[in-house]
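Single-structure report; data block below.
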Amino acid sequence: MGTDIAGDGEPSSPPPLPVPDGLDDNGFPLPSSPTAATAATSFADDFYRSGTDWSSLLAAPSPPPSSEESGKNKSGDSLVQRSLFQAWGIDRRPRREEEVAGVAGGAGAGASSAPSGSWPGRKRRRGGEVEAAADRKPLACPFYKKIPGTPFTVDAFRYGAVEGCNAYFLSHFHHDHYGGLTKKWCHGPIYCTALTARLVKMCLSVNPEYICPLELDKEYVIEGVSVTLLEANHCPGAALIHFRLGDGKKYLHTGDFRASKSMQLYPLLQRGQINLLYLDTTYCNPKYKFPPKEDVIDFAVRTAKRYLQKEPKTLIVVGAYSIGKENVYLAISKALQVPIYTDASRRRILHAFGWSDLSKMICSDSQSSSLHVLPLSSLRHENLQKYLETLKQRFLAVLAFRPTGWTFSEETGNQLDLIKPSSRGKITIYGVPYSEHSSFSELREFVMFLRPQKVIPTVNVGNAASRDKMQAHFREWLKGL
DNA sequence: GCGATCAGAT
DNA sequence: CACATCTGATCGC
């Protein structure tokens with residue numbers, strides 16, 4: 001964790017003498033404190049899920065609290081930050097048990113798997129019983145989605161109105177990040193890239209007046225804070241979000257991203273400039289190794305060519321979720337000079353990217369294309385067998401690619417040619433390590449280059465062991481600062 | 001009927 | 001494994 005060498009703030013070694021209200025002298029929640037058991041448990045759990053030691057934030061001049069002050073104090077005057085709960089807009093009054101249970105049980109997966117919640121008036125089914133829950137409040141927004149000293153949140157749409165939040169940032173258009181954005185949205189402006197804004201307008205029924213597109217690489221002043229979106233190298237439209245506060249503090253929220261060498265050229269990401277880094281830690285474990293995207297694409301293209309040579313009537317299939325992985329099939333399309341077929345709903349979305357390179361390859365006739373894009377979930381042998389049946393007039397075999405980040409670790413990680421497909425009859429499926437999240441070594445290089453004062457992991461923070469491991473990595477990477 | 005949400009599956 | 005849905009059931013309007 002940042003510059004801190006172990007210390008009392010570590011979740012694994014709580015202070016020996018907890019103060020009565022479950023907070024330490026600095027207003028930190030105390031993990032596993034007997035006195036905090038009932039009242040502050042959910043807060044403490046939530047807090048320590050971030051796996052972060054906050055002492056340097058306290059030591060430094062602090063941003064103004066956003067909840068009590070309604071985020072209107074933009075002067076940059078250093079208020080003394082007595083309670084991080086206040087600074088983060090977290091209400092530390094005790095909650096009813098059902099809420100505590102909801103938070104404790106659901107908040108585990110971090111930014112990319114936000115906790116689910118119950119809303120006022122909803123009923124929840126438990127063990128066959130229907131439990132009335134008329135007065136249950138929406139789940140609280142986890143603190144790691146709030147940007148301290150600002151009235152901002154990132155990817156926090158499923159918590160209703162977040163106290164103190166006047167501007168809601170959306171890092172990219174994946175469901176686990178935009179979840180909660182519906183036509184009922186009325187809690188404030190939504191800032192995102194122009195591409196993400198188009199997708200939100202097309203696919204969700206959010207009142208367009210709330211949608212505020214921002215250009216990449218352009219500085220905007222929002223609520224007195226300078227904000228710049230940067231290409232995140234994740235899915236189309238995904239952004240890193242850079243905040244520069246009135247007091248000079250600089251925060252980077254990576255959303256979901258794949259760190260790359262070219263990010264080291266961004267003027268805003270020069271060494272030592274970032275005070276606080278919210279990091280996509282999806283693959284922050286040395287077991288996750290995978291090659292550069294280019295190598296994987298090259299492998300897929302070579303493999304496709306080889307199969308087509310052997311059997312010219314081969315249908316190439318690439319699996320994909322909603323958005324992301326486009327370059328896998330676009331590269332095949334270009335290399336083989338074949339159009340891309342996919343269903344109408346995906347065509348609509350792909351065209352909305354505004355990428356002419358991609359748009360001009362898309363076709364709407366499955367018979368006239370030997371390259372099809374299908375939902376990842378349908379890439380199974382029985383499914384593809386059936387699919388082939390429907391196209392048997394033109395195709396005799398299927399070669400499918402399943403792009404994913406986690407399939408390949410350790411052994412096969414850097415040895416693409418060791419990848420063995422799964423074959424049954426005329427169906428061949430290759431899992432390929434095409435990841436849109438950073439590998440462990442890419443994360444390490446990014447963090448070591450950036451040298452932030454503090455790192456907040458946003459994924460895999462629900463488990464103490466994994467949290468501690470990530471902390472140890474950050475400490476190692478940033479030691480000697 | 002339709003949209004939203006949840007648990008569970010993949 | 002963990003990603004990012006997807007499915008099917010339920011709930012509310």
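In what follows, chains carry the letters A, B, and so on, assigned in the order in which the sequence lines appear, proteins first and then strands, with residues in each chain numbered from 1.
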Take the protein atom CZ of A:F173 and the nucleotide atom P of C:dC3, then report the distance between them rounded to whole Å. 20 Å

Whole-Å distance, A:H174 NE2 to C:dC6 C1', equals 14 Å

Is the distance from OP1 or OP2 of C:dC3 to the nearest side-chain N or O of A:T404 less than 4.0 Å? no

What is the separation between atom OH on A:Y321 and atom C1' on C:dC6, rounded to the nearest whole Å? 10 Å

State plainly whether the residues A:R258 and A:D280 are in salt-bridge range, i.e. N to O under 4.0 Å. no

Which one, C:dT5, B:dA4, C:dC6, comes nearest to the side chain of A:S377? C:dC6

I'd like to check the ring pair (Phe, Tyr, Trp, His ring centres under 6.0 Å) partners of A:H175; sequence neighbours left out, ordered by chain and number. A:Y178

A:Y278 vs A:Y251 aromatic rings, parallel, tilted or perpendicular, using cut-offs 30° and 60°? perpendicular

Would you say C:dC3 has OP1 or OP2 under 4.0 Å from some side-chain N or O of A:H177? no

Side chain of A:D176, heavy atoms from C-beta onward: which of C:dA4, C:dC6, B:dG3 has the nearest atom to it? C:dA4

Partners passing ring pair (Phe, Tyr, Trp, His ring centres under 6.0 Å) against A:F152 (at least two apart in sequence or in another chain): A:F169, A:F243

Identify whether any heavy atom of A:H172 sits under 4.0 Å from a base atom; if not, whether one sits that close to sugar-phosphate; answer base, sugar-phosphate or nothing. nothing

Side chain of A:P375 - closest among C:dA2, C:dA4, C:dC6: C:dC6

Any idea which of C:dC6, B:dG3, C:dC3 is nearest the A:N460 side chain? C:dC3

Separation of B:dT5 atom C1' from A:K184 atom NZ, nearest Å, is 10 Å

Apply side-chain hydrogen bond (donor to acceptor under 3.5 Å, both in side chains) to residues A:Y341 and A:Y329 and explain how you reach the verdict. CA-CA 10 Å; A:Y341 167 78; A:Y329 49 88; over 6 Å; no

Check every atom of B:dG3, C:dC1, C:dA4 against the side chain of A:K183 and return the nucleotide holding the closest atom. B:dG3

Of the listed nucleotides (C:dC3, C:dT5, C:dC6), which one gets closest to any side-chain atom of A:Y283? C:dC3

Nearest whole Å is fine: how far is C:dT7 P from A:N383 CG? 10 Å

Does a side-chain N or O of A:H437 approach OP1 or OP2 of C:dA4 to a distance below 4.0 Å, or not? yes

Select base, sugar-phosphate, or nothing to describe what A:S205 touches, counting heavy atoms under 4.0 Å on all strands. nothing

Looking at A:T342 and A:V373, would you say the former's side chain and the latter's main chain have a donor-acceptor pair under 3.5 Å? yes

Regarding the side chain of A:T282, the nearest nucleotide among C:dA4, B:dT10, C:dA2 is C:dA2

Distance in angstrom units between A:D280 CG and C:dA2 C1', rounded: 12 Å

Rounded off to whole Å, could you give me the CG-to-C1' distance for the A:N285 and C:dC3 pair? 15 Å

Can you measure A:Y178 atom OH to B:dA4 atom P for me and round it to whole angstrom units? 11 Å

What nucleotide, of C:dC3, C:dA2, B:dT5, holds the atom closest to the side chain of A:T182? B:dT5

